[in-house]
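Shown next, in structure tokens, is the structure this report addresses.
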Amino acid sequence: MRAGGTTGERIVKAVRSVLDPRIYVHGLKLLHYFNYTHVSQRSKVDMGEKVAFAPNVSIVNGERVRIGDRAHIGARCHLWAGNSVGRIDIGEDALFGPEVFITASNYGTEPGQVIMHQPKIERDVRIGRDVWLGARVMVMPGVTIGDGCVVAAGAVVTKDLPPGAIAAGVPARIVGSRDGDPTRSRQAGAMVHG
């Protein structure tokens with residue numbers, strides 16, 4: 001006997017699977033989710049010309065998101081603007097790897113109150129032009145990433161990065177400069193982390 005049962009048993013399982021109404025309910029949930037996190041939100045985004053935008057990018061509060069000309073937003077990226085004031089501004093020619101997460105909103109952490117009932121802390125996020133954010137980079141509220149920066153995969157950016165910086169780690173630290181000048185790299189690192 002083959003793994004998974006006889007041919008007849010496998011056919012019966014397949015038919016039951018196709019006839020299970022939970023599949024169709026779940027499919028409707030996925031369609032609804034895709035509509036409210038992508039389709040309806042994308043039309044609210046202030047999007048420049050020739051933007052490459054993966055079909056599974058998730059957007060929250062698209063009316064507070066601006067994407068510059070020729071930017072490329074990769075697969076499964078999340079752009080989470082604030083509910084009332086926190087904006088996300090992405091410069092021209094920015095390149096986002098897959099699963100980049102940018103948020104302009106965060107919960108407070110005051111004691112004595114459940115986290116999800118805390119007032120939101122919203123601060124604008126600015127990503128400069130010609131910035132490359134590697135796969136799974138996270139950018140936190142209030143951060144400005146200067147023009148020409150490169151942020152390594154998996155980094156969590158919690159503080160501003162000056163133009164041309166190369167940053168990596170959790171939290172992100174400056175590890176180099178795109179102009180190759182090690183003096184500038186050390187000076188920029190002292191400015192951000194000093």
Side-chain angles (χ1 to χ4, degrees), residues 37-38 41-54 57-108 119-179 181 184-185 187-194:
T37 64
H38 185 86
Q41 291 297 310
R42 184 176 173 157
S43 65
K44 298 175 185 178
V45 173
D46 177 6
M47 198 172 311
E49 295 182 17
K50 298 182 181 177
V51 172
F53 202 76
V57 171
S58 179
I59 309 160
V60 175
N61 301 313
E63 64 274 12
R64 282 181 283 290
V65 176
R66 188 195 75 78
I67 303 173
D69 297 341
R70 300 169 308 281
H72 178 99
I73 311 300
R76 297 177 307 282
C77 288
H78 294 267
L79 307 177
W80 195 303
N83 291 341
S84 56
V85 295
R87 302 186 62 78
I88 295 173
D89 188 351
I90 300 167
E92 294 79 14
D93 302 301
L95 173 61
F96 289 13
E99 299 181 3
V100 167
F101 186 92
I102 298 176
T103 182
S105 180
N106 212 345
Y107 288 98
K120 295 271 183 87
I121 301 164
E122 297 184 23
R123 295 174 57 212
D124 294 349
V125 173
R126 290 188 172 79
I127 310 295
R129 59 172 294 284
D130 186 32
V131 168
W132 177 20
L133 302 181
R136 294 189 174 174
V137 165
M138 293 184 72
V139 181
M140 303 310 289
V143 168
T144 295
I145 297 178
D147 293 346
C149 284
V150 174
V151 181
V156 178
V157 186
T158 60
K159 295 182 179 179
D160 293 355
L161 295 175
I166 299 172
V170 179
R173 298 212 185 291
I174 296 173
V175 297
S177 173
R178 279 184 71 189
D179 67 9
D181 181 349
R184 272 193 36 161
S185 298
Q187 290 169 345
M191 288 178 6
V192 172
H193 304 293

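In what follows, every heavy atom counts, from backbone to side chain, and hydrogens, waters and symmetry copies are set aside.
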For this session: Evaluate salt bridge (Lys or Arg N to Asp or Glu O under 4.0 Å) for D46 paired with R87, printing each intermediate quantity in order.
Result: CA-CA 11 Å; D46 177 6; R87 302 186 62 78; over 6 Å; no

Problem set entry | Residue list, side-chain hydrogen bond (donor to acceptor under 3.5 Å, both in side chains) with R66, at least two apart or on another chain |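 R66: side-chain hydrogen bond (donor to acceptor under 3.5 Å, both in side chains) contacts with D89.
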
From [X] atom [atom1] to [Y] atom [atom2], the distance as rounded to the nearest 0.5 Å:
X    : Y    : atom1 : atom2 : result
I67  : H72  : CD1   : NE2   : 11.5 Å
I127 : L133 : CD1   : CG    : 5.5 Å
I59  : S43  : CD1   : OG    : 8.5 Å
R42  : F53  : CZ    : CZ    : 5.5 Å
I121 : N106 : CD1   : CG    : 6.0 Å
T103 : M138 : OG1   : CE    : 8.0 Å

Residue pair [X] / [Y]: nearest heavy atoms and the distance that separates them:
X    : Y    : value
V100 : G134 : CG2-O, 3.4 Å
E122 : N83  : OE2-N, 3.0 Å
P141 : S105 : CG-N, 3.7 Å
A104 : A81  : CB-CA, 4.1 Å
R64  : V85  : CD-C, 4.0 Å
A172 : A155 : CB-CB, 4.2 Å

For this session: Report the C-alpha distance between R136 and E99 in whole Å, list the side-chain angles of each, state the deciding distance to 0.1 Å, and finish with yes or no for salt bridge (Lys or Arg N to Asp or Glu O under 4.0 Å).
Result: CA-CA 5 Å; R136 294 189 174 174; E99 299 181 3; 2.4 Å; yes

Exercise. Counting only N and O atoms by type, is there a donor-acceptor contact under 3.5 Å from the side chain of N61 to the main-chain atoms of G82?
Worked result: yes

